[in-house]
Amino acid sequence: MNDLEERLRAALDARAQTYETSPTAWLRVQERRRGPLRRWGAVLVALPVALVALLVPVLLGGFQEGQVTTGPPPKPTPVGQAVVIDNPAENRPMRLWFARNHEGALVFCRDIQYAGGAGTSGCGNDLARHAGEAAWREGSTESVPPREKVLAYGAARANVAKVTAVTKDGKRLDGALYRPSGAPLQAWTVTHTSTQRIGHYEFAGADGSVLSRVESQAAIPPEAARGKPAGPAVEMKGMSVRPYLTPDRTLIWTRGGREVGLNLVRAKDLMTDMGGKRYPVELRVNGDRWFGIAREGTAKVTLARRGGASLEATVRTDPWKVGVSLFAGELPGSGDPYLEGFELVGSDASGKELWREDHPADRPKWDPHPPIGEVVSLGEAKVWFSKVTLADGRTWDGLCRSVPGKKTTCDAFQPVGAHYARRLPDLGKMAIGVAGSGITQVKAKSGAKGTVHAPAGAPLKIWAVPYPGGTESFDLRDPAGELGMSIGGEPPSGCSASPPVGTAATLQNGITVTHQDGCLIIWRGETHYSVEVSDFENATYVLSDNVFTGIAIKGTARVEMVYDDGSRLVAAATTPDPWGLGLTLFSTTTTKVEGGALLIGYDAAGKELWRLD
């Protein structure tokens, strides 16, 4: 893109924000651009020369008398780290962050990658317009036609501790909050299915009180609901496709009553990009189906996956006489062929190749935890091994998990021996963990059988057992059925051991405290103790290895452990937490680690603030 094109693009983007458009216009463009990428260069070529000559001086010069803009404004400068989360609509990560624009105003930014290589990135308007609001919605991944799942997102003040979406029928859906290091605000997300109609979003404080309710924007009605059918429906691979006037002539694909794809078949725009160049095929992928339209005369369509078998589509040649062939096929296993790359080949009835499209591997743009070995799917979740950096800079092995709509988390561990096994925080209604090479079987004491996965190229195995919760215990055995290790008791904390978000707090006696995803983690060497902030009341502490350390509420200046014999252990709580949570941290040495019966917290004036029996 040359300088003129770049400047024109920036000017058009700026002016576009001053006009009201159809609420679905941009979403329809997003859907159509999933085919061949429409580049701005092509847009300029398509514009009449006279129109370009008119647009450039007006848009680039602006509307302020005597001023001429010589280029686009500088890109906003990030404030704090970006949050990378999984976008369930695209099976790709997306980024959210805060920045200051060229005028110094704080703005909310997002970068979304689509399957197939395209994407959109940008920042919104000045957040000063939300002064006095506890939280607000910035956008969602809603599209036309809808994906199976939608991710709504926005910003929240520091006092917001929980976000919940409330559907029109009263169902409550918990969201997630993220506090990027160095950012002035939190980011929030909520995932819901495209069929769930959200009434409003609720934002609550740590005490559960509702700080704000934000009404949801009106849902986008299906394309078919706004159009007039222009022909009979055709059934293909469990889907139905039908032409509509919406008002353009459009083919709309549905599955089980839900729209899953569309193709524009208006004669003058049929299978052309925005520069007027024709292309041979428009592919859509939705779940375990691949489908679309191909140029007239195509009688066979093949999807050749990298390192996998070729897939043949069912083809219908021009049932409505609009000049295209329809094709639809099934995707066994992974429903995202773009990740591994593929070729799409079209042939005529005699077998002669008419066209071929190569799609190189389309890897996610952001991967904070690159896999070591294969990725394992456990229901909707994906788990894999990666290297994890601890608070003190050391690198351990870790097991990472990705659930649609939530931030990827990783749990660090140090394996020991072939019969090593460890249980990690549960994955919904599934207990999971890691195991050494000697473990081949896992079973709950109650009888539920689990599975042991050995990902190719991974350092360890992954075990998983479905269970309803509670204090279930598990036996892990070798091929001969000999017990390798038994794991029981309460499930581990939902807090991930690493990596930390933001700066670490360093206390006396080699103590480090980190914060991640609503969890505080107290480290000493290779041992750690996790505390979920949502469960925190007045204080929590660890008393072992000749160290008395812990966390207390704001205002605590001194913490005393009262022993059964009347003696006292005193720790000054003088370190404020660096994450803005309103807590204080304390640590001191001791030679007495048993017999403590009472913990009391005092303020700077010596007044008792709280006590733990």
Side-chain angles (χ1 to χ4, degrees), residues 161 206-207 390-394 412-414 422-423 425 471 473 487-498 500 502-516 518-613:
D207 60 357
L390 304 183
D392 59 6
R394 288 175 300 160
F413 52 83
Q414 281 192 311
R422 179 177 171 185
R423 184 180 180 185
T471 57
S473 57
I487 299 175
E490 295 282 348
S493 164
C495 297
S496 172
S498 55
T503 57
T506 302
L507 307 180
Q508 300 178 48
N509 314 306
I511 302 297
T512 301
V513 185
T514 60
H515 173 246
Q516 179 194 13
C519 295
L520 296 174
I521 304 166
I522 302 172
W523 291 86
R524 191 185 190 199
E526 298 178 356
T527 61
H528 64 274
Y529 175 77
S530 301
V531 181
E532 294 191 57
V533 176
S534 60
D535 295 335
F536 185 83
E537 292 185 3
N538 291 316
T540 188
Y541 68 95
V542 179
L543 185 59
S544 65
D545 299 326
N546 300 322
V547 173
F548 173 45
T549 188
I551 303 162
I553 60 173
K554 185 177 181 180
T556 304
R558 187 176 83 255
V559 178
E560 293 188 2
M561 171 68 73
V562 182
Y563 290 95
D564 295 337
D565 60 7
S567 61
R568 294 182 177 236
L569 173 62
V570 180
T574 57
T575 305
D577 79 80
W579 316 287
L581 301 177
L583 302 173
T584 52
L585 314 174
F586 60 89
S587 179
T588 190
T589 56
T590 179
T591 57
K592 195 172 184 179
V593 297
E594 295 182 355
L598 178 65
L599 196 69
I600 306 175
Y602 301 89
D603 65 13
K607 178 183 177 182
E608 181 177 319
L609 296 179
W610 50 265
R611 62 170 54 200
L612 297 177
D613 292 322

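Residues T556 and I553 come closest through the heavy atom pair OG1-O, 2.9 Å. The two residues D577 and G582 make their nearest non-hydrogen contact at OD2-N, 3.0 Å. Heavy atoms only, all atoms of each residue included: I551 and L583 are closest at CG2-CD1, 3.8 Å. Minimum interatomic distance between V570 and T588 (heavy atoms only, all atoms of both residues): O-CG2, 3.7 Å.
Contacts of T575 classified as side-chain contact (heavy atoms from CB on, under 4.5 Å), with partners at least two apart in sequence or in another chain: L507, L585. When the ring pair (Phe, Tyr, Trp, His ring centres under 6.0 Å) test is applied to F548, the partners found at least two apart in sequence or on another chain are Y541, F586. In this structure A539 satisfies the side-chain contact (heavy atoms from CB on, under 4.5 Å) test together with A552, W610, L612, sequence neighbours excluded. Residues that satisfy the side chain to side chain donor-acceptor pair (under 3.5 Å) test with S567, not counting sequence neighbours, are D565, K592. Residues forming a side chain to side chain donor-acceptor pair (under 3.5 Å) with T549 (at least two apart in sequence, or on another chain): none.
A heavy-atom distance below 4.5 Å is found between the side chains of M561 and L543. Side-chain contact check for I522 versus I511: some heavy-atom pair is nearer than 4.5 Å. Inter-residue side-chain proximity for L520 and T514 is flagged as unmet; no heavy-atom pair is nearer than 4.5 Å. By the 4.5 Å heavy-atom criterion applied to side chains, L598 and R611 are counted as neighbours. Between I487 and S473 the shortest side-chain heavy-atom distance does not fall below 4.5 Å. Counting heavy atoms from C-beta on, the side chains of Y602 and K607 never come closer than 4.5 Å.
Applying the salt bridge (Lys or Arg N to Asp or Glu O under 4.0 Å) test to every pair with at least one member in residues 547-556, sequence neighbours left out, gives no pairs at all.
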